[in-house]
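Okay, structure first, notes after.
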Protein chains: 2
Amino acid sequence: MPIDRRPLREQIREELLGRLDRGDFAAGTDINEVALAAELGVSRTPLREALITMAGEGVLESTQGRGFRFAPVSRKEFRELCEIVAGLEALALDRSDPAYLREIAPELLRMARDFPDRIAEQHVIERHDDEWHDLLVSGCRNERLIDLITSVKAGLRRYAHLLASDDTPLEREAAEHCRVAELLMTGDRAEAVQALRDNWVNGMERMMSRIPAS
Amino acid sequence: MPIDRRPLREQIREELLGRLDRGDFAAGTDINEVALAAELGVSRTPLREALITMAGEGVLESTQGRGFRFAPVSRKEFRELCEIVAGLEALALDRSDPAYLREIAPELLRMARDFPDRIAEQHVIERHDDEWHDLLVSGCRNERLIDLITSVKAGLRRYAHLLASDDTPLEREAAEHCRVAELLMTGDRAEAVQALRDNWVNGMERMMSRIPAS
DNA sequence: ACTATGAATTCTGAATACAAAAGACAGGAG
DNA sequence: CTCCTGTCTTTTGTATTCAGAATTCATAGT
């Protein structure tokens, strides 16, 4: 197997995003570069490179002289990000090969149906949801678009741990995914795109209340 | 007046993007960090920070051990970027306040009509075009979306100098802008969104032939 | 008691120094 | 002659150091 030869900044970024998923960092808190670098066992240089990348993605904020902080969460931003990702995924779906979409539709349907069956922890559910959306847009030839979606979704990760809850309305989410898959199977892409948008809007509304007011 | 207190990496990024507009850098060429840092009169550290930011925007590519290079241009990528920006601007328009859109519509119309009148150099035309689009989406409340559009458009800058030509079909472009403005004036946003998309698609097709095959 | 001022501390922003990988090139074996 | 290999050079990736800004805390003055 090929060994990991990626630059440190990427590994650091992944590690930080992972911690973000786990809610290790409170949103809005400042980052102490020396402390974090020591904790990760790297020097400040690649750490700062990772931080700059993440600031570009909107995960972090930076102000002159005060360094980086985890961008505070807000309903407004959550809504904005959801709108953007919904629009981008809809665009990706619109730009996909219809034949390929019909081909993967059964798998999408199967995944959606498996959704509520398994009693699982939050992060398993999230991973499953991510995989579903990844497969959905996997037929899009626009590589830049795929990259962009990934990047914007990184910003949404800050909200992941907030959404952890035992009364997650999984059935609703699964049903909406099923509907998208079914529409793709019949080849009605325009309707499927609309259903996908609805899924994002509805999902957003469901989660909105769990985000602190401001 | 407040003096410039932005971090060096931002100033460097702007300088590099400006040079890109002027076509100072050939696409696909490697960047020598020490040479470029010396030329700019800064150290490698903030330069690399700027390069990493630009790599995140897709303006540059980086490979392990080989550093950064200006991403090569291609019709495929140009098409991809245009599709994305078209989708994002359409989304921005869709998320704007209709009243505000009606309010700025006359100004948009005036700008579009002034378009072909002035005999101007290429970069003046480009600036004018940018201003028109900026005004168009200025009513969008989704700040993240606006930032994202700006970021993706940075990637399009690599194509700006390629598109310089004396037989630019300005009238066509202006006419399409007029149509968008007129539709906004009547309050028919859905149609305006469609016209905007058409504008991007048509503009893309017009430019496509000027990009080297691969 | 409260505010303002200034020193001390802490941390970021930038520069320099070091290490390691990639590329170039020459020499030798087949 | 060709291909491989080992060394040398160049350039990047990372660490460390230096300088300056922001914050904190204490103290003096009102």
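Proteins get letters first, then strands, A, B, ... in listed order; numbering begins at 1 in each. Please read all numbers here as calculations on a predicted model, not as lab measurements.
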Using a heavy-atom cut-off of under 4.0 Å over every strand shown, decide if [X] touches base, sugar-phosphate, or nothing.
X: B/S62; result: nothing
X: B/R66; result: sugar-phosphate
X: B/I31; result: sugar-phosphate
X: A/R5; result: sugar-phosphate

Interatomic distance, [X] [atom1] vs [N] [atom2] [rounded to whole Å]:
X: B/R48; N: D/dT16; atom1: CZ; atom2: P; value: 16 Å
X: B/L8; N: D/dA19; atom1: CG; atom2: P; value: 17 Å
X: B/Q64; N: C/dA22; atom1: CD; atom2: P; value: 7 Å
X: B/E49; N: D/dT12; atom1: CD; atom2: C1'; value: 16 Å
X: A/R44; N: C/dG13; atom1: CZ; atom2: P; value: 8 Å
X: A/E33; N: D/dA22; atom1: CD; atom2: C1'; value: 14 Å
X: B/L51; N: D/dT11; atom1: CG; atom2: P; value: 15 Å
X: B/L47; N: D/dT11; atom1: CG; atom2: P; value: 14 Å

If you measure from CD1 on B/I12 to CZ on B/R6, what distance do you get to the nearest 0.5 Å?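 Rounded to the nearest 0.5 Å, the CD1-CZ separation comes out at 11.0 Å.
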Report the residue (B/T45 or B/V34) whose heavy-atom-nearest nucleotide on DNA chain D is the more 5′ of the two.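 Its nearest nucleotide lies further toward 5', so the answer is B/V34.
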Hey, can you tell me if A/H133 and A/W200 have their rings parallel, tilted or perpendicular (30° and 60° cut-offs)?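 Rings of A/H133 and A/W200: tilted, 30 to 60°.
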Heavy-atom distance under 4.5 Å between the side chains of A/R48 and A/E33, does that happen here?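 Yes, close enough: below the 4.5 Å cut-off.
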Looking at B/L17, B/L60, B/V59, B/D21, which one forms a side-chain contact (heavy atoms from CB on, under 4.5 Å) with B/R158?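 Going through B/L17, B/L60, B/V59, B/D21 one by one, the side-chain contact (heavy atoms from CB on, under 4.5 Å) with B/R158 is satisfied by B/V59 alone.
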